Amino acid sequence: MVAGLGSTWWRYLLLFFAVAASWAGVPVIGTAGLGAAAVAASQQKLQLTAVIVVAVVAGEAGGLGGYAIGRRWGRRLLERPGRHQAGREKMMQRGERLYARWGWLAVFFTPAIVSGTAKMPPYRFAVWNLLDSLGWTVSVAASAYGLGRLATGHHTGHDIAILAVGLGAGIIVAVAAARRRRGRAARRLGAAADGAPEGSS
């Protein structure tokens with residue numbers, strides 16, 4: 001029998017904080033926590049639907065928190081003197097270049113604090129961060145759940161379908177990002193060609 005929320009609420013709470021912290025700027029912990037929760041769901045210790053809902057909400061909450069910090073104190077934090085100042089400044093420079101080149105797509109590849117520091121409009125960030133959280137959650141959770149089921153000898157069509165959904169979500173996000181990047185590159189080349197002096201090659 002699938003465990004109910006009443007007996008496992010603390011696991012969902014840990015998942016929420018792990019994912020929120022990751023989206024606020026702490027690396028790795030969110031993916032590890034979500035993968036572990038999805039594998040637990042594959043063994044009927046948690047509910048997959050609840051894992052996905054908690055992770056999506058946590059990703060949005062953590063992202064908004066990181067964005068708010070970046071918008072108010074981001075540049076001051078990133079440029080403060082210290083041992084890792086050079087690394088923080090490089091991260092900020094890379095983030096600003098990504099926003100200049102990719103626009104909203106940079107939300108998918110930069111920490112939320114960089115989005116805030118770059119002054120991305122808050123409502124736009126909230127929408128794209130939510131979509132990013134949803135895509136990431138479905139991809140990681142469904143893939144980990146499906147692999148967990150297959151590894152323990154469950155090969156039903158339902159299990160394989162969930163694994164396919166997870167892998168498909170990851171592929172869709174990657175393809176969309178690649179197409180968006182190529183499209184922006186093509187527009188930049190076209191604009192440069194239109195502005196080139198007559199007779200130039």
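Just so it is clear, the structure is predicted and the values come from calculations on it, not from any experiment.
The nearest pair of heavy atoms linking Thr137 to Ile52 is CG2-O, 3.6 Å. Heavy atoms only, all atoms of each residue included: Leu34 and Ala141 are closest at CD1-CB, 4.0 Å. The shortest heavy-atom contact between Tyr12 and Val54 is O-CG1, 3.6 Å. Of all the heavy atoms in Ala55 and Val19, the pair that sits closest is O-CG1, 3.5 Å. In terms of heavy-atom proximity, Val140 sits nearest to Gly35 at CG1-N, 4.1 Å.
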Could you go through residues 60-69 and list every donor-acceptor pair under 3.5 Å that involves a side-chain atom there, pairing it with any protein atom two or more places apart or in another chain?
from	atom 1	to	atom 2	distance (Å)
Glu60	OE1	Asn129	ND2	2.8
Glu60	OE1	Leu130	N	3.1
Tyr67	OH	Arg71	NH1	3.0
Tyr67	OH	Met120	O	2.3

N/O donor to acceptor pairs below 3.5 angstrom from side-chain atoms of residues 20-30, sequence neighbours left out:
from	atom 1	to	atom 2	distance (Å)
Ser22	OG	Val26	O	3.4

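Linking ILVMFWY residues whenever their side-chain heavy atoms come closer than 4.5 Å, directly or via other members, leaves Val39 and Tyr145 in distinct clusters.
Residues meeting the side-chain contact (heavy atoms from CB on, under 4.5 Å) test with Leu14, sequence neighbours left out: Trp10.
Atom CZ of Phe16 has more than 12 heavy atoms from other residues, nucleotides or ligands within 6.0 Å.
Sorted by first and then second residue, the ring pair (Phe, Tyr, Trp, His ring centres under 6.0 Å) pairs involving residues 34-59 (not counting sequence neighbours) form an empty list. Residue pairs that meet the ring pair (Phe, Tyr, Trp, His ring centres under 6.0 Å) test with at least one member in residues 37-65, sequence neighbours left out, do not exist here.
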